[in-house]
Amino acid sequence: MEEKRHPVCGINYPGTFQEFDNWFSTEDACLAYIVKLRWPQGFVCPACGTIAEIPSMMKRGLFLCRECKRQTSITSGTLFHKTHKPLRTWFLAIWFVTSQKHGASALGLKRVLGLGSYNTAWNWLHKLRRAMVRPGRDRLIGSVEVDETYIGGAGTEIRGRGAESKTIVAIAAEIRGRGPGRIRLSIVPDVSSKSLHRFILDNIEPGSKVQTDGWSGYSGLESKGFKHVVCNITASGDPAHVHMPRVHLVASLLDRWWLGIHQGAIRPIQLDYYLDEFTFRFNRRKSKARGLLFYRLMQQAVNCDPVPRKMIVGG
Ligand SMILES: [Zn+2]
């Protein structure tokens with residue numbers, strides 16, 4: 001087989017676990033990969049801006065700027081900063097998370113990595129989920145369907161009735177041909193126009209065409225700069241999934257995923273992070289190569305500040 005990819009000489013991701021295992025067999029190999037992802041054009045000193053194609057490494061993990069003599073930690077400003085575990089274990093976690101078709105559970109991660117405790121595994125999963133959402137990511141554009149779904153019980157509930165014990169998740173899905181394009185999911189406190197408009201403004205580019213049902217919480221979108229198309233489901237007599245097939249597809253996949261891998265055992269306070277994982281996977285569902293998902297998550301992990309545990313727990 002043609003040898004075309006290698007972390008140290010620049011390109012890009014392992015295709016199989018065997019390749020992964022070969023590439024990242026040492027801490028230095030993992031560090032080299034992080035360096036390439038962070039500074040593809042050569043190390044840039046954050047103090048003076050000097051670029052070094054081949055920077056001088058001090059002790060492991062520190063670059064020395066030849067100009068200003070400042071030392072820079074390779075992992076500072078990344079998810080891996082100040083970790084007490086080997087980088088290889090983190091890389092394995094990322095491989096594991098991205099190679100599970102329906103997402104990883106903390107128990108699964110604990111087993112695969114031999115982590116000491118369930119809490120550690122849980123903490124790691126949540127750190128990785130943070131990396132799944134790029135800060136300042138683009139908003140959805142074009143024509144977008146928007147609806148809400150209720151999580152935390154059996155089946156779909158009718159809006160406003162018996163839904164008090166459930167968590168409301170707003171869904172936006174781009175219309176791309178017959179299927180959905182990219183999606184965004186977010187917990188909303190209620191289905192008031194204040195909450196729903198907030199969700200739409202945060203996740204959809206003004207000027208886009210927003211398609212919703214006739215719920216009053218969606219009225220007034222025109223004044224926020226959107227084109228608003230209302231599908232009057234009750235008047236037409238057709239079931240909702242006929243008019244809004246994309247958000248309903250997403251809602252049913254979300255339901256299945258929730259009840260499957262996680263057995264519905266997610267506290268609402270953690271749900272945001274799980275939604276991020278779902279979105280990360282969904283928006284990259286056409287990436288056939290599992291290695292590519294690994295690569296994307298690695299890219300985002302090196303551009304992601306570490307998250308203190310108290311922030312994760314507190315939401
Ligand atoms: Zn410098």
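Values reported hereafter were calculated over all heavy atoms of this structure, with side chains retained and with hydrogens, waters and symmetry mates removed. Order of listing sets the numbers, starting from 1, for every ligand and every atom in it.
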Crowded around E205 CD? As in, over 12 foreign heavy atoms under 6.0 Å?
-> yes

Considering residues at least two apart in sequence or located in another chain, which fulfil the salt bridge (Lys or Arg N to Asp or Glu O under 4.0 Å) criterion with R70?
-> none

So, leaving waters aside, the tally of protein N/O/S atoms less than 2.8 Å from the Zn ion (ligand 1) stands at 4

For the residue pair T75 and T78, confirm or rule out a side-chain donor-acceptor distance under 3.5 Å.
-> no

Please work out whether the ring planes of F43 and W39 are parallel, tilted or perpendicular, with thresholds of 30° and 60°.
-> perpendicular

Only counting residues at least two apart or in another chain, list the ones meeting salt bridge (Lys or Arg N to Asp or Glu O under 4.0 Å) with D28.
-> none

Which residues satisfy the salt bridge (Lys or Arg N to Asp or Glu O under 4.0 Å) test with R88, sequence neighbours excluded?
-> D21

